[in-house]
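Some notes on the structure that comes next.
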2 protein chains.
Amino acid sequence: MRPGPRRSISQADIVDAAFELLEQKGMPAVSVRGVAASLGLTPTAMYTYFPSKNALLRAMVEQLLSTIDLAAASDADIAWRDRVHVLAGALLARLGEHSGSLVLVTSGPLDGTHALGLNEALIAGFTGEGMPHAEAARAAVAVRAYVLGAAALDAAERAGRETSADNAAPEALWSDAAAFPLTEASTDAAGDGFAWGLDRLLDGFERRAA
Amino acid sequence: MRPGPRRSISQADIVDAAFELLEQKGMPAVSVRGVAASLGLTPTAMYTYFPSKNALLRAMVEQLLSTIDLAAASDADIAWRDRVHVLAGALLARLGEHSGSLVLVTSGPLDGTHALGLNEALIAGFTGEGMPHAEAARAAVAVRAYVLGAAALDAAERAGRETSADNAAPEALWSDAAAFPLTEASTDAAGDGFAWGLDRLLDGFERRAA
DNA sequence: ACCTGAACACCGTTCAAGT
DNA sequence: ACCTGAACACCGTTCAAGT
């Protein structure tokens, strides 16, 4: 009783299986063949659900974004600045959970329902603070860019720690470590740079308004 | 006279060939086998020059960053704000030239010579404006994050335009386009959002200093 | 030291065929 | 409609062998 004309699983099941693989074996493991195998399916059966691997990846992005709580973003009892921090922090955390999320997010335009919902919440929040709509839209883009970039920097750094040998940086003859004294001196001063930078960005918006 | 014990090409030649392929056929074409073939080499010969494909990608990042002019960043005749714009703009442009640059930059920590040099120039510039070193370092990280994120958003958008059919966003039943009125209304108001956001970030730094 | 050729264990995707 | 099996044109990487 192997084959059956009845649809045995859903698109959501496939996306879940893909995340399971991503979590346990990393991005290289989420392949069409790998996901299919983890569900007891043939690779070709996958194309009944998604027209391409990229379509699967984009569905994953949507699932990823669906877990961030937009309700908190529109809670007027909390200061807008705090709400942005919660939203941005949640997004960064989600993107950072799996090392491959960044390539997921770059697999296509962020035009899924949840991606648009997040953008909508950001614009609404900024206009609620008295920003003209045109500026609020640009502020939302800036915040998205900042969060994504921070996630990218995190991902890049982690990519180096996971492998040491054959993944090394180009050597460039390398005189001594003190060739970049300012950078060198700041490696320990990192702390929570993400929140700090976000606050500067928000300060910039406020200053503009004043 | 095919084989020869003498090294026929350099690492730089390989990186150049890889960029040539990237420009002409896109990221999927820059494979170990593809680059080797474009140089008349066997795939295995590549491992004489780079220990892995990732090492090649990281060398490409360094070459990419080497083309941005750090001298302009330390020219005290120009206002610091303008210098940041030039630096950030050049970086964004380089990252945007090839659609695959973003995955390049995420292939490992940005600890190559040119990556560190860029960071050094940023920190030096901010301290030159009277910022304490700890804050200058964090400001440099924030700027890098913002630029990288803007590049990621650009790349994501372009990834959608290149293919239309099998790369589509998940449908999600889709009632009507007016479900996200704020986002909808801002699609045309984009303009040069990059410079605007960067200016807000710099405003935030200044406000902090005041 | 530099390179080749064969091989291993994979990919995404298409197509004809089964139920 | 949903699924399988075979096939096509690829991957990154390793290994033994040649010069």
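We name chains A, B, ... by the order of the sequence lines, and we start the count at 1 in each one.
- Remark: side-chain polar atoms of B:Glu157 are not paired, donor with acceptor, to backbone N or O of A:Pro109 under 3.5 angstrom.
- Put simply, CG on B:Leu87 and CG on B:Leu92 are 12.0 Å apart, with the number rounded to the nearest 0.5 Å.
- The distance between atom CE of B:Met46 and atom C1' of C:dC3, rounded to the nearest whole Å, is 13 Å.
- Each of A:Arg33 and A:Tyr49 has a nearest nucleotide on DNA chain D; the 5'-most of these lies closest to A:Tyr49.
- For B:Phe50 and D:dG12, the CZ to C1' distance is 16 Å, given to the nearest whole Å.
- Between A:Ile14 atom CD1 and C:dG12 atom C1' there is a gap of 15 Å when expressed in whole angstrom units.
- Residue A:Ala45 has its side chain nearest to D:dT4 when only C:dT4, C:dG12, D:dT4 are considered.
- Toward the 5' end of DNA chain C, the nearer of the two residues A:Gly34 and A:Thr44, judged by each one's closest nucleotide, is A:Gly34.
- The interatomic distance linking A:Lys53 (NZ) with C:dC10 (P) rounds to 15 Å, in whole Å.
- Summarising the geometry, the separation between CG on A:Leu39 and P on D:dT4 is reported as 11 Å, rounded to the nearest angstrom.
- Side chain A:Ser31 to base C:dG12: no donor-acceptor pair is found below 3.5 Å.
- With C:dC3, D:dT13, D:dC2 as the choices, the nucleotide that has an atom nearest any side-chain atom of B:Ser52 turns out to be D:dT13.
- Across every strand in view, C:dC11 sits unpaired, with no contact that passes the Watson-Crick or G-U test at under 3.5 angstrom.
- Under the 30°/60° scheme for interplanar angles, the aromatic rings of B:Phe194 and B:Tyr146 are found to lie parallel.
- Regarding A:Lys25, its NZ atom lies at a distance of 10 Å from the P atom of C:dC10, rounded to whole Å.
- Listed here is the closest heavy atom pair of B:Ser107 and B:Val61: OG-CG2, 4.5 Å.
- Remark: the separation of the P atoms in C:dA9 and D:dC10 is 22 Å, to the nearest Å.
- Side-chain proximity of A:Tyr47 to D:dG12, C:dT13, D:dG5: nearest is C:dT13.
- Rounded to whole Å, the distance from CD1 on B:Ile9 to C1' on C:dC3 is 11 Å.
- Rounded to whole angstrom, the span from the CE atom of B:Met27 across to the P atom of D:dC11 amounts to 13 Å.
- Pairing for C:dG18 is with D:dC2, a Watson-Crick or G-U wobble pair whose two hydrogen-bonding atom distances lie under 3.5 Å.
- A ring-ring contact (aromatic ring centres under 6.0 Å, His included) check over residues 15-62 of chain B, counting only residues at least two apart or in different chains, returns the pairs B:Phe19-B:His98.
- Considering only the side chain of B:Thr48, C:dC3 comes nearest among D:dT4, C:dC3, C:dG12.
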